[in-house]
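What follows is a single structure, written as structure tokens, with notes after it.
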Amino acid sequence: MKQDISDIVQKALERLNAKWGVALPDIEVEIPRDEAMGDIATTVAMRLATLCKKPPRIIAEEIIAEIKNNILPPSSSLEKGERDIFDKIAIAGPGFINFKFTQKYFHKGLQSLLEEEHSSLRADIGKGAKIQVEFVSANPTGPLHIGHGRGAAVGSALCNILKAAGYDVQKEFYINDAGLQVKLLGRSVYARYQQLLGNEVPFPEDGYKGDYVEDIAHDIHTREGSRYLNTPFEECGEALTDYSYKMMLAHIGDDLKDFGVVFDNWQSERALHEQGKVESAIHTLRSKGLIYEKDGAVWFSATRFEDDKDRVVRKKDGEYTYFASDICYHKDKLDRGFDTIIDIWGADHHGYIPRIRSVLEAFDLPKEKFRVILIQMVSLLRHGVPVQMSKRAGAFITLREVIDEVGPDITKFIFLTRKADSHLEFDIDVAKEQSAENPVFYVQYAFARISSLFRQAEEKGVSDQGSGIRGEALAPLKENEEILLIKKLLQYPMVFEGAALACEPHRITYYLQELAGVFHAYYYKHRIISDDKGLTLARLGLCRGVKIVLDEGLKILGVSAPERM
RNA sequence: GCGCCUGUAGCUCAGUUGGAUAGAGCAACUGCCUUCUAAGCAGUGGGCCAGGGGUUCGAAUCCCUUCAGGCGCGCCA
């Protein structure tokens, strides 16, 4: 729909520009707010006004005349051409050009949806460009919490969108398996293990206090018995630490899997060190004169770029910082040949962005290739009361608990009903108890209703398959609600494109709710299966179109599309 | 103190990258099940888009400023 208008207007503009001789602006096309104004509109005349130094309405008139006289197929006959595609082309307001399509146009649009199915809903924006999205990347020092869940839902949906938009997408989880935090987990497990066996060693200050730490200790005891009892941490710490974080990592992987999120690659931070990549990246910076020593530590001159402070890469104790691995990691990602790398972070890490951008600049890597999506905090509520979350104290609600209690579909859908960068209130009881009022069911119910229709049609021996919804078969669709519904279906590609370009999955969520709404209204008002076979087939065709688009959208969100409810 | 984000209906949030008379879902109130799933439909009420200034044909959207809230500003990750 958008493409058709863009093409037609583009042709008209190119012809007219022989006379104007200006730099043509992009043709922006939008859905008018009010249905009555038209099906689609362009603002290009207003944009041209300053360029051509003419009033926008005059320009709009010229464009319309050009379209009617010289562009529209199949002949120069204005009446005929207009009848095939447009009911009306009109100027409105300050210079909008509003297009109103014919029923025939909508029938054809539905027909190509039915013929091409999902492929007609995707686009080739990416043209095979390699893009990598890194998300979740939770420290393997504890279970995933609800904030990670939001990141997982958004990241996964975004990847689905980008794939459908023709990008070659890789989903990556970065494992922070180096550094102090995993060591602290090891110490915590060590202490619990000793305590379990009656050796009351002190629990580390700021250690991880969650029950899962004891679980790991128990697990080690059942597998390996008491062999580490009274062994100093210096001797067995490494083994315990390794075991512990790998265990956590396995749990994280399981949680994600049950949430319906899978990764293509798990990149270990340790591996970067072991392969000498961290050292070599720092070395490269040093050779560029961007590394210096001060106070016994090694620093990166980030202030030469856009950061407001220089940053330590190697601590006084000789250990590399997390930032050092991150320097290496981001360079490495681009070295791996990705055209774009997207990092999805918790919004509390926003201060980190200038640092990484500085790094890319330091390596002469184009920083436009690096994009960050920030995920705002989730406030978890129970009965409208905030649940306080503190990881260190061990008092928090895990993603696992939420999935078990509320279910993955509802959880994901709620995460995806808001822009990533805006706060989200997640009330477990509202999500669960009022599940009938939950928007996810509204959308799924539309899908289930249609599925039910097809089952019944089949029982009555009516099938839209085989008999073929082609050519004139869709002509009986004449009701307002039917045209409205087709129009909604044909808007999907516009919404999808917008979601892909802006990296905003929530647009799909909103669209699906609207589509379901239009469908429910239609379903209530008009009977699909009737004695009129031609009409029944046409309406089933329309329903199949809705089903295809609902299916596509739900797949992108990672939410199931049930045949029955 | 500096930086980033947020402020839209009673509540939770959208708002097509600057477009037309500001939108949805809850909540409230009215109706609709002998008809393909009422997890549904139809309708009513509800707004100084935090306040103020600016930019232009046009601002919830961009710039400046004030106020309010959140988050950062480690040789943690």
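Chain letters run A, B, ... following the sequence lines, proteins first and then strands; every chain starts at 1.
For A/Arg57, the salt bridge (charged side-chain N to carboxylate O under 4.0 Å, His left out) test picks out no residue, with sequence neighbours left out. Residues satisfying the salt bridge (charged side-chain N to carboxylate O under 4.0 Å, His left out) criterion with A/Asp343, sequence neighbours excluded, are A/Lys333. Scanning for salt bridge (charged side-chain N to carboxylate O under 4.0 Å, His left out) contacts around A/Lys309 gives an empty result, with sequence neighbours left out. The salt bridge (charged side-chain N to carboxylate O under 4.0 Å, His left out) test applied to A/Glu405 returns A/Arg382, A/Lys432, not counting sequence neighbours.
Across B/C75, B/C36, B/A38, the shortest atom-to-atom separation from the side chain of A/Ser452 is found for B/C36. Closest approach to the A/Arg311 side chain among B/A20, B/G74, B/C71 is made by B/G74 (side chain taken as heavy atoms from C-beta onward). Between B/A77, B/C41, B/C75, one nucleotide has an atom nearer to the side chain of A/Glu269 than all others, and that is B/A77. Side-chain atoms of A/Phe96 lie closest to B/G19 of the nucleotides B/G19, B/U17, B/C41. Candidate nucleotides B/C13, B/G40, B/A42 were compared by shortest atom distance to the side chain of A/Ala521, and B/A42 ranks first. Side-chain proximity of A/Ala297 to the nucleotides B/C75, B/G74, B/A77 is greatest for B/C75. Distances from the side chain of A/Leu453 to the nucleotides B/C32, B/U12, B/C36 place B/C36 closest. With distances taken from any side-chain atom of A/Tyr352 to the nucleotides B/U35, B/G15, B/A77, the minimum falls on B/A77. If you check B/C75, B/U12, B/G72 against the side chain of A/Asp348, the one that comes closest is B/G72.
Distance noted for atom P between B/C57 and B/G52: 24 Å (whole Å). B/C49 sits 10 Å from B/U61 when the P atoms are compared, rounded to a whole Å. With C1' as the reference atom, B/C63 and B/G69 are 23 Å apart, rounded to whole Å. Nucleotides B/G47 and B/A39 are separated by 33 Å at their P atoms, to the nearest Å. A distance of about 36 Å separates the C1' atoms of B/U6 and B/G40, rounded to the whole Å. Across the C1' atoms, B/C71 and B/U8 are found 22 Å apart, a figure rounded to whole Å.
Applying the 4.0 Å criterion to OP1 and OP2 of B/C41, one finds that A/Tyr442 has a side-chain N or O inside that range. A sub-4.0 Å separation between OP1 or OP2 of B/C36 and a side-chain N or O of A/Lys460 is absent. Taking side-chain N and O atoms only, A/Arg33 has a distance below 4.0 Å to OP1 or OP2 of B/A20.
The 5' end of RNA chain B is approached more closely, in terms of each residue's nearest nucleotide, by A/Thr417 than by the other of A/Thr417 and A/Asn176.
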Derivation of the salt bridge (Lys or Arg N to Asp or Glu O under 4.0 Å) call for A/Asp242 and A/Arg270: CA-CA 11 Å; A/Asp242 280 9; A/Arg270 259 186 206 199; 3.0 Å; yes
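Within residues 34-47 of chain A, the residues that have a heavy atom under 4.0 Å from RNA chain B are, in order of number, A/Met37, A/Ala41, A/Thr43, A/Met46, A/Arg47.
Contact annotation: side chain of A/Asn98 to base of B/A20, donor-acceptor pair present below 3.5 Å.
When the C1' atom of B/C76 is taken as reference, atom CD of A/Glu319 falls 13 Å away, rounded to whole Å. The distance from atom CZ of A/Arg449 to atom P of B/U35 is 13 Å, rounded to the nearest whole Å. Here the C1' atom of nucleotide B/G19 and the CD atom of A/Glu28 are 10 Å apart, to the nearest Å. Across the protein-nucleic acid pair, A/Lys2 atom NZ and B/U17 atom C1' stand 12 Å apart, rounded to whole Å. Atoms CD1 (A/Ile91) and C1' (B/A20) sit 14 Å apart, rounded to a whole Å. In this structure, A/Asp177 atom CG and B/C76 atom P are separated by 18 Å, rounded to whole Å. Straight-line distance from the OH atom of A/Tyr510 to the P atom of B/G15: 7 Å, rounded to whole Å.
Using the Watson-Crick or G-U wobble rule with both distances under 3.5 Å, B/A42 pairs with B/U30.
Using a 90° window around 0 for the glycosidic torsion, B/C73 falls outside it and is classed as anti.
Below 30°, between 30° and 60°, or above 60°: for A/Phe426 and A/Phe415 the angle between ring planes is between 30° and 60°, a tilted geometry.
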Distances under 3.5 Å only, N/O to N/O: pair up the protein atoms with those of nucleotides 2-11 of chain B.
residue : atom : partner  : partner atom : Å
B/G3    : N2   : A/His350 : NE2          : 2.5

